[in-house]
Amino acid sequence: MPTSTQNVQTILNNLKQAYPNAKYELDWETPLQLLVATILAAQCTDERVNKVTKTLFPKYPTAQAYAEVDILELEEDLKPTGFYRNKAKTVKSMCQDLVERYGGEVPKTMDELVTLPGVARKTANVVLNTAFNMPSGIIVDTHVARVSQRMGLTKRKTPETIEQELMLLVPQEEWTFWGPAVVLHGRYTCTAKKPKCSECVLKNVCEKIGVTTTDN
DNA sequence: CTCCCGATAT
DNA sequence: ATATCAGGAG
């Protein structure tokens, strides 16, 4: 058995012990809500997104509602999440697309999702993994990318190529667990600045590539 | 590669 | 002051 495969098993075991119920922390009830929340989550904490969507979701119950809103009003609604002009434009045009091409429903395939404005593989994987329980791929956000590189699981730089390598290493039945678990690990332990290596459950199989500051 | 946006951590 | 934050488009 290759070393990397052995490491992946160890990583999985330790992650499951540390984050047994790992799941995405964005608040949502419908696929459309999760899709919108994930777009708003770009360069913004989930906590802030949840605060905004608490009032946003009741105001816009359907894709049609976003599609018809005045762009300036939507910009105001999304302002606290940052990148608000881009996000308002993206959400509105994406929902227009949903209404025109998919009857207002969120499509359930990767090929269809990534044709929507503002949706690439990361956002599509979040929706497919979380809302539709489909192992379409592995969520690779800034956290998963950073942790994977530090662990020595990949030397690639772009989310797409990192995802490709991870999909070869991680068994498919673990894909939907891997993403949320590694995101949590990256957010709270393997942080971008000053990672907490001394309390890391993966320290024994981590190569600490590019880690310059540790707490021990 | 840059740009979009603003709050927070360091 | 600067890096970073559940990214994606041009």
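Atoms considered below: every heavy atom in the structure, side chains included; atoms not considered: hydrogens, waters and symmetry mates. Bear in mind the structure is a predicted one, so any value in this text is a computation, not a measurement. Letters A, B, ... mirror the listed sequences (proteins, then strands); counts begin at 1.
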Scan nucleotides 8-10 of chain B against the protein and return all N/O pairs shorter than 3.5 Å with their distances rounded to 0.1 Å.
from, atom 1, to, atom 2, distance (Å)
B:dA9, N3, A:K193, NZ, 3.2

Nearest-Å distance, [atom1] ([X]) to [atom2] ([N])?
{"X": "A:E163", "N": "C:dG8", "atom1": "CD", "atom2": "P", "value": "11 Å"}
{"X": "A:H143", "N": "C:dA3", "atom1": "NE2", "atom2": "P", "value": "18 Å"}
{"X": "A:W178", "N": "C:dA6", "atom1": "CH2", "atom2": "C1'", "value": "17 Å"}
{"X": "A:I162", "N": "C:dG8", "atom1": "CD1", "atom2": "P", "value": "13 Å"}
{"X": "A:N125", "N": "C:dG7", "atom1": "CG", "atom2": "P", "value": "14 Å"}
{"X": "A:D46", "N": "B:dA7", "atom1": "CG", "atom2": "P", "value": "18 Å"}
{"X": "A:M94", "N": "C:dA9", "atom1": "CE", "atom2": "C1'", "value": "15 Å"}
{"X": "A:N50", "N": "B:dA7", "atom1": "CG", "atom2": "C1'", "value": "16 Å"}

Cation-pi check, A:K79 onto A:Y84 ring (under 6.0 Å, within 45° of axis): yes

Would you classify [X] as touching base, sugar-phosphate or nothing, given that sugar-phosphate means primed atoms plus P, OP1 and OP2, and contacts are heavy atoms under 4.0 Å?
{"X": "A:T45", "result": "sugar-phosphate"}
{"X": "A:T123", "result": "sugar-phosphate"}
{"X": "A:I39", "result": "nothing"}
{"X": "A:V144", "result": "nothing"}

What interatomic distance, in whole Å, is found between [atom1] of [M] and the corresponding atom of [N]?
{"N": "C:dA1", "M": "B:dC5", "atom1": "P", "answer": "24 Å"}
{"N": "B:dA7", "M": "C:dG8", "atom1": "P", "answer": "23 Å"}
{"N": "B:dC4", "M": "C:dC5", "atom1": "C1'", "answer": "14 Å"}

Donor-acceptor pair, side chain of A:K108 and main chain of A:L128, under 3.5 angstrom: no

First encountered from the 5' end of DNA chain C, between A:P117 and A:R146: A:R146

First encountered from the 5' end of DNA chain C, between A:V114 and A:V126: A:V126

Carboxylate-amine/guanidinium proximity below 4.0 Å for A:E165 and A:R156: yes

Note: A:K16-A:E174 ion pair, threshold 4.0 Å (strictly below): yes

Parallel, tilted or perpendicular: rings of A:Y60 and A:Y66 (30°, 60°): parallel

Around atom [atom1] of [X], are there more than 12 heavy atoms of other residues, nucleotides or ligands at under 6.0 Å?
{"X": "A:K59", "atom1": "NZ", "answer": "yes"}
{"X": "A:D70", "atom1": "CG", "answer": "yes"}
{"X": "A:E47", "atom1": "CD", "answer": "no"}
{"X": "A:E105", "atom1": "CD", "answer": "no"}

Candidate nucleotides C:dC5, C:dG8, C:dA6, ranked by approach to the side chain of A:Y24 - the nearest: C:dA6

Using the 3.5 Å cut-off, write out each protein N or O paired with an N or O of nucleotides 3-5 of chain B and the distance between them.
from, atom 1, to, atom 2, distance (Å)
B:dC4, O2, A:N86, ND2, 3.1
B:dC5, OP1, A:R85, N, 2.8
B:dC5, OP1, A:N86, N, 3.1
B:dC5, OP2, A:R85, NE, 3.0
B:dC5, OP2, A:R85, NH2, 2.8
B:dC5, O4', A:F83, N, 3.1

Residue pair A:L56 / A:L78, side-chain heavy-atom distance below 4.5 Å: yes

Under 4.0 angstrom between A:T142 side-chain N/O and C:dG7 OP1 or OP2: no

